[in-house]
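Report on the following structure.
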Amino acid sequence: MPHDHDHPSTYLFLLAGAREGGNTETLARAAAAELPAHATQTWLDLRELPLAPFDDVRHAGDGVYPQPVGAEKILLDATLTTDNLVIVSPLYWYSVSASAKLYLDHWAGWLRVPGADFKARMRGKTLWTVSVLSDTDQTTADPLVGTLRLSAEYLKMTWGGALLGYGNRPGDITTDTAALTRAKTFFP
């Protein structure tokens, strides 16, 4: 989708790490700093918007999900109104963090919230991920990347790609010059 100034692109960055200002957030902010000035950036921290455990009611009663409230409503609304969704999650046990996975689990409910039109409204958005792993072998992030890429495909979203970096201790990402260089051109 070409960028035009009549409809500037919007980016929702969902911070899904367990630490404020962690390596993954640092890498995501480096990439976001290169976005054009007219692009709108929204940053939401899943630690500040805790979701309830996902309750699968598809096969209970009428199978209709209630209208989200509180943190869930904030996240649903932000998800539906952005052009670009960026999951900012460190690699935890070869996948997304628990808060990112719980957010994705809630998509199953949002698909069935009356009036949300989640599937149709997600089509055509672009899904990206930024992740820092404590392994120099980036293939260890394949399950994380696969989870998000397949989720994008399921909803007919565009897969934007994965920006991966290395970091173990706080601040380590600042020495991963290759990742910081990739961050400069990660977003189009």
Side-chain angles (χ1 to χ4, degrees), residues 1-3 8-51 71 74-75 78-79 82-107 125-153 155 157-188:
M1 182 172 165
H3 298 290
S9 289
T10 55
Y11 288 80
L12 172 60
F13 292 86
L14 281 184
L15 300 175
R19 179 186 311 131
E20 185 176 348
N23 286 313
T24 303
E25 180 180 342
T26 300
L27 184 58
R29 290 194 184 275
E34 304 298 324
L35 286 168
H38 59 84
T40 304
Q41 297 181 32
T42 302
W43 293 76
L44 296 178
D45 190 331
L46 292 176
R47 289 175 310 143
E48 295 169 8
L49 294 165
L51 288 166
I74 291 168
L75 289 167
T79 301
T82 194
D83 302 316
N84 294 276
L85 175 58
V86 187
I87 305 289
V88 182
S89 174
L91 184 71
Y92 289 153
W93 288 103
Y94 311 103
S95 191
V96 293
S97 67
S99 62
K101 180 62 171 67
L102 181 57
Y103 163 77
L104 293 173
D105 287 350
H106 276 271
W107 285 14
K125 295 181 188 296
T126 302
L127 181 63
W128 311 80
T129 190
V130 178
S131 185
V132 172
L133 35 150
S134 60
D135 194 319
T136 53
D137 177 2
Q138 292 197 339
T139 65
T140 60
D142 287 354
L144 176 148
V145 173
T147 292
L148 296 173
R149 183 181 53 77
L150 290 168
S151 298
E153 286 177 14
L155 289 175
M157 299 172 73
T158 300
W159 172 242
L163 174 60
L164 304 176
Y166 169 78
N168 188 26
R169 300 183 58 75
D172 276 357
I173 190 61
T174 58
T175 63
D176 186 343
T177 51
L180 293 170
T181 299
R182 284 193 305 275
K184 291 186 183 304
T185 57
F186 182 57
F187 297 115

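Numbers here are sequence positions counted from 1. FYI, side chains are in, hydrogens and waters are out, and symmetry mates aren't considered; it's all heavy atoms of this structure.
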R182 side chain to L164 backbone, donor-acceptor under 3.5 Å:
yes

Residue from L150, L144, V145 passing side chain to side chain contact (heavy atoms under 4.5 Å, CB included) with L148:
L144

Parallel, tilted or perpendicular, judged at 30° and 60°: which one describes the rings of Y11 and W128?
tilted

Check whether any side-chain heavy atom of S95 sits under 4.5 Å from a side-chain heavy atom of K101, and report yes or no.
no

Shortest non-hydrogen contact from D172 toward G167
CB-CA, 3.5 Å

Atom CG of L91 and atom OG1 of T24: how far apart are they, to the nearest 0.5 Å?
9.0 Å

Checking Y166 against L133 for the side chain to side chain contact (heavy atoms under 4.5 Å, CB included) test, could you report, in this order, the C-alpha distance in whole Å, the side-chain angles of both residues, the deciding distance, and whether it holds?
CA-CA 5 Å; Y166 169 78; L133 35 150; 6.0 Å; no

Does the plane of the ring in W107 sit parallel, tilted or perpendicular to the ring in Y103? Use 30° and 60° as the thresholds.
perpendicular

Can you name the residues that form a side-chain hydrogen bond (donor to acceptor under 3.5 Å, both in side chains) with E153, not counting sequence neighbours?
R149

Any donor and acceptor pair, going by atom type alone, linking the side chain of N23 with main-chain N or O of R169 inside 3.5 Å?
yes

Give me the atom names and distance for the closest heavy-atom approach of Q138 to G165.
NE2-N, 4.3 Å

Taking the side chain from E25 and the backbone from G17, do they hold a donor-acceptor pair closer than 3.5 Å?
no

Applying side chain to side chain contact (heavy atoms under 4.5 Å, CB included), run through V86 and V130 and close with a yes or a no.
CA-CA 7 Å; V86 187; V130 178; 4.0 Å; yes

Is there a donor-acceptor contact under 3.5 Å from the side chain of S97 to the main chain of A100?
yes

Taking N84's backbone N and O only, do any of them form a donor-acceptor pair with T126's side chain (distance below 3.5 Å, no angle check)?
no

At their closest point, which heavy atom of A162 faces which heavy atom of F186, and how far apart are they?
C-CE1, 3.6 Å

Which atom of A31 lies closest to which atom of L163, heavy atoms considered:
CB-CD2, 3.9 Å

Is the backbone N or O of S89 less than 3.5 Å from a side-chain atom of S131, with the two atoms forming a donor-acceptor pair by type?
yes

Quick check: closest heavy atoms across A16 and L46, and the distance to 0.1 Å?
CB-CD1, 3.8 Å

Rounded at 0.5 Å granularity, tell me how far CG in D45 sits from CD in E20.
7.0 Å

Closest approach of A28 and F13, non-hydrogen atoms and distance?
O-CE2, 4.4 Å

Would you say the side-chain atoms of K184 pair up with the backbone N or O of E34, donor to acceptor, closer than 3.5 Å?
no

Say whether, by atom type as modelled, one donor and one acceptor occur between the side chain of T129 and the main chain of I87 under 3.5 angstrom.
yes

Rounded to the nearest 0.5 Å, how far apart are CG of L85 and CG of L12?
5.5 Å

Ignoring hydrogens and angles, tell me if any N or O in the side chain of T158 forms a donor-acceptor pair with the backbone of G160 under 3.5 Å.
no

I want to check something: taking the side chain as every heavy atom from C-beta on, are L51 and L75 in contact at a cut-off of under 4.5 Å?
yes

Test side chain to side chain contact (heavy atoms under 4.5 Å, CB included) on R29 and W43; report intermediate values, then the result.
CA-CA 10 Å; R29 290 194 184 275; W43 293 76; 3.4 Å; yes

Restricting to ring pair (Phe, Tyr, Trp, His ring centres under 6.0 Å), what partner residues turn up for Y92, sequence neighbours left out?
none

Take L27 and V88 through the side chain to side chain contact (heavy atoms under 4.5 Å, CB included) test and state the conclusion after the steps.
CA-CA 9 Å; L27 184 58; V88 182; over 6 Å; no

